[in-house]
Each structure stands twice: as C-alpha cells, then as structure tokens.
Q: 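Provided herewith is a single structure, encoded as structure tokens, for subsequent inquiry.
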Number of protein chains: 2
Amino acid sequence: MCVMAALRRGRPSRPVLSVAGIHAAALELVDEQGAAALTMGRLAERLGVQAASLYHHVVDKASVWEGIRRLVVAEMDWSAFADRPWDLALGVWARSYRAAFIRHVNTMPVLYTAPVAEPLTYQMYQVVCVGLAEGGWPETSLAEVLSAVEYLIAGSVLDHEALGEMFGRAAEMGAPLLAASIRSRSQVVVADRAFDLALDGLLIGLRAELARLQP
Amino acid sequence: MCVMAALRRGRPSRPVLSVAGIHAAALELVDEQGAAALTMGRLAERLGVQAASLYHHVVDKASVWEGIRRLVVAEMDWSAFADRPWDLALGVWARSYRAAFIRHVNTMPVLYTAPVAEPLTYQMYQVVCVGLAEGGWPETSLAEVLSAVEYLIAGSVLDHEALGEMFGRAAEMGAPLLAASIRSRSQVVVADRAFDLALDGLLIGLRAELARLQP
DNA sequence: ACCTGAACACCGTTCAAGT
DNA sequence: ACCTGAACACCGTTCAAGT
C-alpha cells in the first residue's frame, strides 16, 4: 500500500491508469475478497481514483471480467498440443487449467457462466481443437470432449476449494453424514489424487471412444 | 395475466402474498428471463405489489434463492435409495437431478455456487449418503462420490443447454473449429445419449473403486 | 487525452404511516 | 399482520467541466 496524493481536477501530467493495471487490480480484488467485491467503485478506490475514471480505459464492467479471464487463461499451458499426442497434451492442459483455477477459485462462478468474449481464450480452444482433430477426433465430437474435460476440472476445483463453504450448514440441517464426510476428506492431497484418478479415467474412456469412432 | 386493482394504503382484507407464491413467481421469472432478471423490484411487480412488501414474507433475496432451490430439488427423485442397490439408486437420482436442472437451467449459475441453506436439500443428501454408506462406501468417500455425480450432471446440462451461448463468438474470434463443432453437435438426442454413456461409465468406475476399497 | 464531480436509473433493504 | 410510500446506501454508467 502506498499513500498517494489526491488527484486534482483536470488531466494528470502522466496517466495514472492503464488497461493492464485495471485488470490486474481487478483480479487481485476478486482473489482476495470474492466475485461480489468487484464493483467499479471499490476497484477505483484500490487504484486511487474515481469510479468514473475507469471508463476512460474500459468500456464496461463485463469487459473487466473478460480481462480477468485473459489473466487466468494466460496461466494455462496448451503448448503440448504443438508436438505431443492428443491424449498426453490434453492431460498437460487439463492439469494446468485446474492449477490456474485453484489459484483463482473466486473467479469461477463468473468465468464459468458469462459468455466468453476474449480472444486469447478462443485462441487456446482453437489450438486444443486442432490438436484433437489431428489426433483423429471428428469435428462433431470436439465440443463434447472439451466440455467433459472442463467440467471435470470445475467439479474438482470446487471439490478442492469450495465444498466446505457450499455445504457448511450440513451438520445443523439434517445431513450429518455429508458433514462428517466433508470433514474427514479435508486433506488437499486427497482431492489432488482424486483428480489424477478421474482424469486418467476420462482419458482411458476417451481413447476407447475414439477407437470406436474410427475402426 | 389478470388485471388487478391497485392496492390501497393499509393492510389488505386478505393477504395478497405468501412465501410459496413468492418462491414460485421467482422461479418463473428466472426460468423465463435468467438469473439476473430476479430483482426484488421485478419480482414484486410480477406479484402486483411493492418491493418493500416482499420483506413481510421473506428475510432477504438470498432466502428467495433458497426457496427456488427447494422447488428444483423437489423435482428430483431419491426414493430409490430406500430399497434398491446403491448403484441403481444413484443412477435414478442422477437422471432425475439432470432432468430437473434441464428444466431450470437459468438457476444453475447461482444454485451451484451459493452456499446451501435449505433443509430439503440437506435431507436429500442425507438419504443419498445413507444409501451409499449402506452400500458399503466408507464415510471418507461419500463427498467425493457425490461431487463426481453432481459435476458430471453440471457438465452435461451446460453442454445440453448453454454451450452455444457460452461460446457464441467462437467463429468471429479465431476458434472456427470450436464453432463448427458446436453447430454440428446441436441435436438434443446426442447430449442425452452422451449423458447416459458417461453416467454408465461413472457407475462402472465407482463399482470398481468400491471393490478395491473393501476386498 | 484523462481526471473529477455531479447526475441518472436501478438495486436491496429499512421503517414509519396507514388499515 | 400486511400493505404503501419515502428514504438510505450502494450500484453501473454518462457527461460536462477542468487541465
């Protein structure tokens, strides 16, 4: 935290805001305080500025969320699709995808439901789709393979990070077994191993399905 | 739609609102216009009443969402856990769970991320957990079995209903393969069959895992 | 071009006034 | 007890005024 002089009325001698800085501050805010804490007012406050000033750099709040999406996607690794077999590359991508969302769980409710309007994200999907297609997958199956992987990840991340919060009132509200199970399950290692198992299982299933599709 | 006389200032001779009526109207609103359309103002309007009046019956907006959760959960079928083997009951429950959320897709973003504070939902989980435990599953695995099933469902429902909206700009933003795949995949029947296959696969995996756990 | 301050419509919520 | 109308703090967004 730095103390900053209040800005005077007119244009500052050097710009105090930038698109990248706004997006970075927004992600920080969401990481620290959750998706609901991201308001234009609080984001501006964190940047030492008025809410209205943000609109000189971003068109609206939805575009701030797409900036956040870019930062999270940029942490993923889809490079293996360039030169490795599709199943191996899919495994590398899925693990990095999961790791990125574990670092930024609070972004999930929004990023998993808002329409994607962010070029880097589409670039990533294009590379993944090309890799799968070159691996022999028919066009009609690509979207389904992707959603299978993505929602396995979503489930795993929420299981890893949010299950306790989601079902926090299980004990007092008539679900003692669920409460006990969540309590006893709480080591991170378990969730990680469960993901590895589930991903390996999915990859086995996908290889079998592909063999069935192209005899 | 019925034309209603504007209400006068004081207490009406017969109550015009009820908790059940508010929850039902809220679910209708979300089904028709999406989660963002649920505001206390628009909900009140639909009920022919002022927003402030709602607070005589519900404590806050979050409790309205929990009322919606109850209505969706009430459409699910967990009766088979009473007298059928755990894997069969899990299959029946999962299919009814999926069908309920397909009828109410717009509720998913909120219901899947907001903490559960609704007794019927916990009752359902308790019955499911008891059924699994009686089937031989150790307490430590219950939460993971549940999340595996739930996120398979989430993935399938979003694939079924929302993939086109989510990736609507794929074609113009550099992901032509993804766009083509979503277009070519669009028959509902495919998504249904894919879910049946995936669920059967998951059940096979779970039976194997249970056998490994209790030799 | 890039900031402020004031304004707008809307949001969830509270509460005194009225029957 | 149960509705209205007025009020509150907050929200996203616009825009004229200022440098």
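Order of the sequence lines fixes the chain letters, A, B, ..., with proteins taken first and strands second; residue numbering starts at 1 for each chain. Since the model is a prediction, treat every value here as computed from it, not as a measurement.
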Q: To the nearest 0.5 Å, how far apart are CG in A/Leu132 and OG in A/Ser141?
A: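 Here the interatomic distance stands at 10.0 Å.
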
Q: Are B/Arg95 and B/Asp77 within salt-bridge range, i.e. N to O under 4.0 Å?
A: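 Here B/Arg95 does not pair with B/Asp77 in a salt bridge, since their nearest N and O are not under 4.0 Å apart.
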
Q: Is the phosphate of C/dC3 approached by A/Arg14 (side-chain N or O, under 4.0 Å from OP1 or OP2)?
A: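 Indeed not, no polar side-chain atom of A/Arg14 lies that close.
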
Q: For the aromatic rings, using the six-membered ring if either is Trp, is the centroid distance between A/Phe101 and A/Tyr112 under 6.0 Å?
A: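 Ring centroids of A/Phe101 and A/Tyr112 are less than 6.0 Å from each other.
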
Q: What distance do B/Tyr97 atom OH and B/Leu199 atom CG have between them, rounded to the nearest 0.5 Å?
A: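 The distance works out to 13.0 Å.
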
Q: Between A/Thr113 (side chain) and A/Pro109 (backbone), is there a donor-acceptor pair under 3.5 Å?
A: yes

Q: OP1 or OP2 of C/dC11 versus the side-chain N and O atoms of B/Thr39: is any pair under 4.0 Å?
A: yes

Q: Round to the nearest Å and state the distance from A/Met40 atom CE to C/dA7 atom P.
A: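 A/Met40 atom CE is separated from C/dA7 atom P by 21 Å.
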
Q: Classify the nucleic acid contact of B/Leu38 as base, sugar-phosphate or nothing, counting any heavy atom under 4.0 Å across all strands shown.
A: sugar-phosphate

Q: Quick one: A/Gln50 CD to C/dA7 P, roughly how many Å, whole number?
A: 15 Å

Q: I want to check one thing: is the phosphate of D/dT4, taken as OP1 and OP2, less than 4.0 Å away from some side-chain N or O of B/His56?
A: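 No, no such contact exists.
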
Q: Without placing hydrogens or testing angles, list every side-chain donor-acceptor pair under 3.5 Å for residues 58-67 of chain A, not counting sequence neighbours.
A:
unit_1  : atom_1 : unit_2   : atom_2 : d
A/Asp60 : OD1    : A/Ala62  : N      : 3.4
A/Asp60 : OD1    : A/Ser63  : N      : 3.0
A/Lys61 : NZ     : A/Leu38  : O      : 2.9
A/Ser63 : OG     : A/Asp60  : O      : 2.8
A/Glu66 : OE1    : A/Arg69  : NE     : 2.9
A/Glu66 : OE1    : A/Ala117 : N      : 2.9
A/Glu66 : OE2    : A/Arg69  : NE     : 3.4
A/Glu66 : OE2    : A/Arg69  : NH2    : 3.3

Q: Fill in the dot-bracket string of DNA chain D, one character per base: . for unpaired, | for a pair to another strand, ( ) or [ ] for pairs within the strand, taking Watson-Crick or G-U pairs under 3.5 Å.
A: ||.|||||...|||||.||

Q: Rounding to a whole Å, what distance do you find between B/Asp60:CG and D/dA9:P?
A: 20 Å

Q: Grab the CG-P distance between A/Leu17 and C/dT4 for me, whole Å please.
A: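 It works out to 8 Å between those atoms.
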
Q: From the options C/dT14, C/dC3, D/dC3, select the nucleotide whose nearest atom is closest to the side chain of A/Ser53.
A: C/dC3

Q: Assuming nearest nucleotide by heavy-atom distance, tell me which of B/Ala62 and B/Pro12 is located more 5' along DNA chain C.
A: B/Ala62

Q: Between P on C/dA1 and OH on A/Tyr55, what's the gap in Å once rounded to a whole number?
A: 20 Å

Q: Round to a whole Å and report the spacing from CZ of B/Arg11 to P of C/dC15.
A: 21 Å

Q: In terms of the nearest nucleotide of DNA chain C, which residue is placed more toward the 5' end: A/Ala51 or B/Arg42?
A: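 Looking at the nearest nucleotide for each, A/Ala51 comes out on the 5' side.
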
Q: Below 3.5 Å, can you tabulate the donor-acceptor pairs from side chains in residues 20-32 of chain A to any protein atom, sequence neighbours excluded?
A:
unit_1  : atom_1 : unit_2   : atom_2 : d
A/Glu28 : OE1    : A/Arg46  : NH1    : 2.9
A/Asp31 : OD1    : A/His104 : ND1    : 3.0
A/Asp31 : OD2    : A/His104 : ND1    : 2.9
A/Glu32 : OE1    : A/Arg46  : NH2    : 2.7

Q: Find the distance A/Leu54:CG to D/dT14:P and express it as a whole number of Å.
A: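 In whole Å, D/dT14 P and A/Leu54 CG are 13 Å from each other.
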
Q: Output the rounded distance in Å from CH2 (B/Trp65) to P (C/dG12).
A: 12 Å

Q: Between C/dG12, C/dT4, D/dA6, which one does the side chain of B/Lys61 approach most closely?
A: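 Taking heavy atoms from C-beta onward, the closest nucleotide is C/dG12.
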
